[in-house]
Amino acid sequence: MRRRQRHTAPIAVLAILGAISLGVPAGASPDRTPAIRPQVPTADRSAGNKVFLERADVLKKSQNDEYMVVQGNVLFTKGPMYMRCDSAHFFPDTESMDAFGNVSMEQGDTLFVYADELNYDGATEVAYLYSDAGKNVRLINRDVMLETPEFTYDMRADIGYYAAGGELTDAHNRLRSIEGEYMPTTKEANFYGRVHLNSRSDNDTLDIYTDTLYYNTATHVAELYSPSRVVNARATIYTREGEYNTETNISRLYDRSTVVGAEGGQQLTADTIFYDKQAGFGEGFGNVELTDTANSSIVLGDYGYYDQIIDSAYITGHAELRQYNQGDTLYMHGRYIESMRDISFTEVPEDTVTGIPAHTRADTSHVAVVYPRVRFWRTDLQGVADSIRFTQRDSMLRMYVNPVIWSDNRQIFGDIIELHMNDSTVDRARLPQNAFSAEHIEDVHYNQIGGKEMIALFENGEMRHLDINGNVEIIMYPEEEDSTINKIVNAESSFLSADFHGKAVDRILMWPETSGTVTPLFLAKKSLFFLPKFKWYESIRPLDRFDIFVVPEEMEQIMASAPRPKPEPADKPKAPAVPADAVKTADTAPDTTATEPEDKDGEPKESTTDETMPVPPEADTTTENQEIETGKLPDTIAPADTTASSAAAPEVVKESVE
C-alpha cells in the first residue's frame with residue numbers, strides 16, 4: 001500500500017510532471033538505447049504550475065493502472081523546482097506521484113529537501129516526505145537546516161511543517177520541538193510543544209524553554225507566547241509573553257515578567273521589562289518589584305531599573321521599601337529609592353615578615369538612599385525624615401532633616417538620627433546634634449530629656465542604657481507605689497547616664513553638677529511642664545502601612561523649613577568619665593555650693609528661650625554627681641517655686657497639650 005493514503009494536510013514539495021503521452025505499443029520491448037524524453041520539449045517550464053517529466057531511464061505503463069512507472073535517474077520539474085529520485089509512480093491525470101529512493105527537491109541554489117520517500121498531491125500541491133528508520137528528512141535553506149522524520153511541504157503556501165519532533169539549526173541557534181512550521185521565503189518558523197532554543201556560540205550561554213515560540217532565522221529574534229524560561233550567563237528570565245533577540249541579547253518582556261540575577265539574590269519583576277544582557281541593564285515599567293532575598297527586602301514602584309555592571313538600582317513612582325525580619329515587616333516610602341555600590345580603598349603597608357609588598361585593598365559594600373519626604377511604619381516603630389541613607393559597610397542607617405522616630409508613646413528627634421543595625425534590628429542609636437526624647441505619660445504631662453548628643457543602647461528591641469553629653473535637661477514624673485504621679489522633677493546638668501529595665505527607668509546619674517527642682521503637681525506652674533525644645537509630632541506620625549504614602553501638610557511645612565544638618569566638629573569633646581564616688585551618691589553628702597550650669601565644654605550654658613527654668617531664691621538647687629533611682633528623688637533637689645505663671649506651653653505640632 002502506498003504512503004500516499006496518509007495525506008492529511010497541504011505542504012509544498014516540488015513539482016513534477018507534465019502531461020505526457022508516450023506512444024509505446026502494448027507488449028513492445030522498451031527502447032534501451034536512449035533515455036525517455038519529454039513529449040513537449042519546447043514547452044515553457046517556468047510558466048504555470050504544470051509538472052513535467054524531464055527524463056528517466058525506464059518508463060512502464062499497465063493498462064490496469066492509473067499511473068506510470070519511471071525508473072533510473074528520474075527528473076521532474078515544476079516551475080523553478082527540480083525533483084530527482086530513483087523511481088516513481090506518476091499519475092498524469094492529477095499530476096500526482098509517489099517517489100522512492102534518494103528523493104531530492106531543489107529550487108535554485110537556496111532550497112534543498114532530501115528524503116527517502118515522497119508522496120505528492122497535484123490537486124493540493126502538497127508534498128509528504130518520509131525518511132527510513134534512523135534517518136531524517138532534511139530541508140536546507142541557505143544557512144538553515146531542518147531535520148525531522150516526517151515532513152509536509154505545502155508548495156502553494158510555501159510552508160513546511162512537522163508533527164513528530166524536529167530540529168531547526170541556523171548560524172546562531174538550535175531549536176527543538178514536538179511540532180513545528182517553517183516558511184523558507186519569509187524565514188519565519190513556529191515551534192510548539194517542549195520547545196528548546198539553544199545558542200550554538202562557544203562564547204555565549206543561552207537556553208530558552210517554552211511551549212510556543214516564533215523565530216525568524218534572518219533576524220534571530222525569538223517571540224514567546226506561553227510560560228517561558230530564558231537562561232543566560234547573567235540572569236534567568238521568566239515570562240509569558242515577550243521577544244528575545246538572540247543576536248544582541250536584548251529582550252522585551254510583557255505580561256508580568258521576572259529577571260533573576262545569576263547568583264539568585266536579586267530579581268526584577270514588572271508588567272513590562274526591557275533587558276540588555278550585554279549591558280547587564282534591566283528596566284521595569286508598571287508595578288515594579290526589585291527583590292533582594294539576601295537582605296530580605298523588596299522595593300516597589302511604578303518605574304525602576306537595575307544595573308548589574310555597576311550594581312545599582314533605582315525606583316520611583318509610589319516607591320516603597322519593605323524589609324522583612326523576625327516575623328515583622330518595615331514599610332518605608334520616599335519619592336525616590338536608590339541603591340549603589342560603594343568602593344573604598346585602603347593602603348596596606350609592606351609586610352616584611354611574610355614578604356607581601358605594599359598594595360591597595362579595595363573594600364566593596366552598598367549604600368541605599370531614600371528621599372525626600374520619607375515615612376516608615378512597623379508595628380513597633382514609626383518614623384519620618386526628609387532623607388534616609390543606609391551604609392552596608394558600617395551597618396548604619398542615618399536619618400537627615402528633622403528626623404522623628406516613635407515607639408509606643410515615646411518620641412525622639414534631633415538634627416540627625418543614626419541607627420546601628422544588627423541583623424535588621426537596632427542595637428544602638430545616636431543623635432549627634434540637638435537630641436531630644438519625650439514620653440507621653442498622661443494629659444499634658446511628658447517625660448522629657450534633651451541634650452547636645454544622645455547615645456542609646458538596645459537589647460531585644462528595648463532600650464537598656466542612655467548617655468547624654470552636654471547641656472542635659474530633663475523633666476520627669478516619678479511614679480508612686482500605686483502607679484500615680486503627683487510631682488514633677490526639673491533638672492539640668494552637663495552629662496547624664498541612665499539604665500532601663502523594661503520600659504521603666506532603673507537609674508539616672510547626672511554629673512558633674514546638677515541643679516533642679518521637685519514640685520508637687522497641684523502647685524506646679526505651666527512653665528515647668530515643657531523643656532524649651534519640646535515638640536510633639538503626633539499629627540505627622542504614620543498610622544499604618546498605607547499611611548506612609550500620605551504626606552500631611554504639616555510634614556511638608558516642617559521639612560521645607562527645617563535647617564540642613566551641619567558637619568560635626570573634627571575635634572569633638574568627649575564626656576568625662578563617671579566619677580568613682582558618683583555611685584550611690586544618696587549616701588554621700590553633696591556639695592551644695594550654687595554654681596551656674598555648664599555645658600560639656602565647660603562654658604556656661606546658654607538658654608534656648610527667653611524664659612529660664614525658675615529657681616526659688618530660698619532653695620539650694622545645685623548638687624554634684626547626682627543619682628536618681630526609680631521611685632526615689634534625692635533630697636538635694638529643692639522644691640520649685642509654686643507661684644502662678646502665665647508662660648505659654650511649648651509648641652505641640654497639630655495636637656494641643658491643653
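The chain is numbered in sequence order, starting from 1.
A donor-acceptor pair under 3.5 Å links the side-chain atoms of R341 to the main chain of I309, judged by distance alone. Although no hydrogens or angles enter the test, the distance criterion places no donor-acceptor pair under 3.5 Å between the side chain of R138 and the main chain of F112. Under a 3.5 Å cut-off, the side chain of D98 and the backbone N or O of N119 do not form any donor-acceptor pair. In this structure, T316 contributes its side chain and R335 its backbone to a donor-acceptor pair below 3.5 Å.
When ring centroids are compared, Y161 and Y182 stay outside the 6.0 Å threshold.
Side-chain contact between N287 and R256 is present, with heavy atoms from C-beta onward closer than 4.5 Å.
Below 30°, between 30° and 60°, or above 60°: for H89 and Y67 the angle between ring planes is below 30°, a parallel geometry. Ring geometry for Y336 versus Y371: interplanar angle of 30 to 60°, hence tilted. Using a 30° and 60° split on the angle between ring planes, Y209 and H196 fall in the parallel class, below 30°.
The cationic atom of R322 (NZ for Lys, CZ for Arg) does not lie both less than 6.0 Å from the six-membered ring centre of Y331 and within 45° of the ring axis.
No side-chain donor-acceptor contact under 3.5 Å links T258 and Q267.
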Exercise for review: List the steps and the verdict of salt bridge (Lys or Arg N to Asp or Glu O under 4.0 Å) for R194 and D211.
Suggested key: CA-CA 5 Å; R194 298 181 184 176; D211 276 332; over 6 Å; no
